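Here's the structure, in structure tokens; my notes come after.
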Amino acid sequence: MEGVLRISVDTNPLLDNYRAVVRAVNVDAEPRFYPGSPQILAQLLRPQDSLILNEKHPEDAYTLRGVMRDTSAAVHQRDAYEFWPAMVPPRTARGVVVIDPPYEQTDERERIVATLAVAYPKWAHGVVVIWYPLKDRTAHQRWKSQLSKLRIPKILNVEHWLYDTDQLGIYNGAGLFVINPPYAFVQALPPLLEALRAALAPQGHRGELTASWLDG
């Protein structure tokens with residue numbers, strides 16, 4: 001929640017949309033709850049859009065259905081790495097797949113690479129967003145190398161390192177791999193990234209937030 005609180009008191013208008021999403025799940029002026037990716041996505045839907053969510057663990061799937069009960073979202077309970085290839089291509093011409101795992105398993109990144117290798121040829125023009133935490137820079141570079149070997153033409157890598165030097169054993173930031181990012185999204189990124197960097201930088205650190213194409 002620390003990052004949410006930092007943005008809530010920031011005044012940059014570029015972050016207004018994010019603040020609005022957080023306010024929607026909080027009654028009090030000071031945020032107590034973070035909406036999470038399912039609720040964020042649900043708030044962004046247009047009337048013609050649909051949202052399909054998946055959660056592997058029964059207890060978490062039950063909780064997710066409760067949270068999403070007032071939305072039109074469909075909640076499935078399956079292994080994500082089986083569910084993802086099974087659901088593409090979607091029935092609609094356009095769509096987005098968001099991969100947001102907890103990274104609790106040591107082979108999570110390898111499974112993402114293997115599943116992407118299967119799912120991408122089935123829907124080569126689709127947009128895929130993969131979120132990940134940043135902890136170890138060496139391990140992260142190894143993962144980027146594995147993704148590069150898939151030879152997917154358009155993978156935009158957005159990275160946010162919170163600290164000026166890596167902090168051992170803690171959360172150093174987060175990033176996204178965005179496959180086939182829309183042109184308007186890419187064009188709008190630079191000022192937004194700078195606004196996020198300035199709002200989220202810990203005291204005494206400038207931080208680094210960059211976007212670059214993954215060499216494939």
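Values reported hereafter were calculated over all heavy atoms of this structure, with side chains retained and with hydrogens, waters and symmetry mates removed. Just so it is clear, the model here is predicted, and its values are computed rather than measured.
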Quiz item: Near Gln141 CD, under 6.0 Å, is it more than 12 heavy atoms from other residues, nucleotides or ligands?
Solution: yes

Exercise. Hey, could you give me the CH2/CD1 distance between Trp143 and Ile112, rounded to the nearest 0.5 Å?
Key: 4.5 Å

Quiz item: Would the number of heavy atoms belonging to other residues, nucleotides or ligands and lying under 6.0 Å from CD of Gln203 be above 12?
Solution: no

Exercise. Would you kindly say whether Asp215 and Ser148 are connected by a side-chain donor-acceptor distance under 3.5 Å?
Key: no

Practice problem: Could you grab the distance from atom CG of Leu53 to atom CE of Met68, nearest 0.5 Å is fine? | Solution: 5.0 Å

Quiz item: Of all residues at least two apart in sequence or in a different chain, which pass the salt bridge (Lys or Arg N to Asp or Glu O under 4.0 Å) check with Arg46?
Solution: Asp49

Quiz prompt | Counterpart residues, salt bridge (Lys or Arg N to Asp or Glu O under 4.0 Å), relative to Arg137 (two or more places apart) | solution = Asp166

Quiz item: Is the backbone of Ala198 close enough, under 3.5 Å, to the side chain of Arg6 for a donor and an acceptor to pair up by distance?
Solution: no

Quiz item: With sequence neighbours excluded, what pairs up with Lys135 under the side-chain contact (heavy atoms from CB on, under 4.5 Å) test?
Solution: none

Quiz prompt | Exceeds 12 heavy-atom contacts within 6.0 angstrom, atom NZ of Lys122 | solution = yes

Exercise. Check whether any side-chain N or O of Asn180 sits under 3.5 Å from a backbone N or O of Val128 as a donor-acceptor pair, and report yes or no.
Key: no

Quiz item: What residues, two or more places apart in sequence or in another chain, satisfy side-chain contact (heavy atoms from CB on, under 4.5 Å) together with Asp70?
Solution: none

Quiz item: Is it the case that one hydrophobic cluster holds both Val96 and Leu41, taking links as side-chain heavy atoms less than 4.5 Å apart, direct or via other members?
Solution: yes

Quiz item: Got a sec, which residues hit ring-ring contact (aromatic ring centres under 6.0 Å, His included) with Trp84, two or more places apart in sequence or on another chain?
Solution: none

Self-check item: Heavy-atom side-chain proximity of Thr92 to Arg94 below 4.5 angstrom
Solution: no

Practice problem: Treating Ile, Leu, Val, Met, Phe, Trp and Tyr as nodes and any side-chain heavy-atom pair under 4.5 angstrom as an edge, say whether Ile52 and Leu64 lie in one connected cluster. | Solution: no

Quiz prompt | Contacts of type side chain to side chain donor-acceptor pair (under 3.5 Å), residue Tyr81, not counting sequence neighbours | solution = Glu108

Quiz item: Below 4.5 Å, heavy atoms only, C-beta onward: do Val158 and Leu156 meet side chain to side chain?
Solution: yes

Exercise. Tell me, please, which residues at least two apart from Arg109 pass salt bridge (Lys or Arg N to Asp or Glu O under 4.0 Å).
Key: none

Quiz item: Any donor-acceptor pair under 3.5 Å linking the side chain of Asp136 with the backbone of Ala139?
Solution: yes

Quiz item: Taking the side chain as C-beta and beyond, is there a heavy-atom pair between Lys154 and Val178 under 4.5 Å?
Solution: no

Self-check item: Check: His205 and Leu162 side chains under 4.5 Å, non-hydrogen atoms
Solution: no

Exercise. Quick one: do Arg142 and Thr138 satisfy side-chain contact (heavy atoms from CB on, under 4.5 Å)? Show the steps, please.
Key: CA-CA 6 Å; Arg142 187 164 55 246; Thr138 301; 4.2 Å; yes

Quiz item: Between Val97 and Trp123, is any pair of side-chain heavy atoms under 4.5 Å apart?
Solution: yes

Quiz item: Pro101 and Trp131: which non-hydrogen atoms are nearest, and at how many Å?
Solution: O-CZ3, 3.8 Å

Self-check item: Whether Asp164 side chain and Gly207 backbone form a donor-acceptor pair below 3.5 Å
Solution: yes

Quiz prompt | Audit row: Tyr132, Phe177, side-chain contact (heavy atoms from CB on, under 4.5 Å) steps and yes/no | solution = CA-CA 8 Å; Tyr132 58 87; Phe177 290 113; 3.4 Å; yes

Quiz item: Excluding sequence neighbours, so at least two apart, what forms salt bridge (Lys or Arg N to Asp or Glu O under 4.0 Å) with Lys56?
Solution: Asp79

Quiz item: From Glu55 CD over to Arg78 CZ, what is the distance, rounded to the nearest 0.5 angstrom?
Solution: 14.0 Å

Quiz item: Do Val22 and Ile40 come within less than 4.5 Å of each other through their side chains, counting heavy atoms only?
Solution: no

Quiz item: Does any pair with a residue in residues 196-214 pass salt bridge (charged side-chain N to carboxylate O under 4.0 Å, His left out), and if so which ones, sequence neighbours excluded?
Solution: Glu194-Arg197

Exercise. Work out which heavy atom in Arg111 is nearest to a heavy atom in Thr115; give both atom names and the distance.
Key: O-OG1, 2.7 Å

Exercise. State plainly whether one hydrophobic cluster holds both Val127 and Ile152, where clusters connect Ile, Leu, Val, Met, Phe, Trp and Tyr through side-chain heavy atoms under 4.5 angstrom apart.
Key: yes

Quiz prompt | Residue pairs involving residues 38-77 (criterion ring-ring contact (aromatic ring centres under 6.0 Å, His included); sequence neighbours excluded) | solution = His76-Phe83

Self-check item: Worked verdict on Val75 versus Asn54 for side-chain contact (heavy atoms from CB on, under 4.5 Å)
Solution: CA-CA 6 Å; Val75 179; Asn54 182 69; over 6 Å; no

Practice problem: Indicate if Leu116 and Val118 have the same hydrophobic cluster label, given that clusters are the connected sets of ILVMFWY residues with side-chain heavy-atom separations under 4.5 angstrom. | Solution: no

Quiz item: Roughly how far apart are Arg65 CZ and Asp60 CG, rounded to 0.5 Å?
Solution: 11.0 Å

Quiz item: Quick one: CG on Leu51 to CG on Leu44, what's the gap to the nearest 0.5 Å?
Solution: 10.0 Å

Quiz item: In chain order, what residues pass the side-chain contact (heavy atoms from CB on, under 4.5 Å) check against Ala195, with sequence neighbours excluded?
Solution: Asn12, Leu14, Leu15

Quiz prompt | Test item: Tyr171 and Tyr163 side chains (from C-beta on) under 4.5 Å apart, heavy atoms | solution = no

Quiz prompt | Side-chain heavy atoms of Ile130 within contact of Val98, under 4.5 Å | solution = no

Self-check item: Ile155 side, atom CD1; Leu150 side, atom CG - distance, nearest 0.5 Å
Solution: 6.5 Å

Quiz item: What are the two closest non-hydrogen atoms of Pro85 and Ala119, and how far apart are they?
Solution: CA-CB, 4.2 Å

Self-check item: Residue list, side chain to side chain donor-acceptor pair (under 3.5 Å) with Glu159, at least two apart or on another chain
Solution: His140, Lys144, Trp161

Quiz item: Would Tyr120 end up clustered with Trp213 when hydrophobic side chains under 4.5 Å apart are linked, directly or stepwise?
Solution: yes

Practice problem: Starting from the C-alpha separation in whole Å, work towards a yes-or-no answer on side-chain contact (heavy atoms from CB on, under 4.5 Å) for Leu196 and Ile7. | Solution: CA-CA 8 Å; Leu196 285 169; Ile7 293 179; 4.0 Å; yes

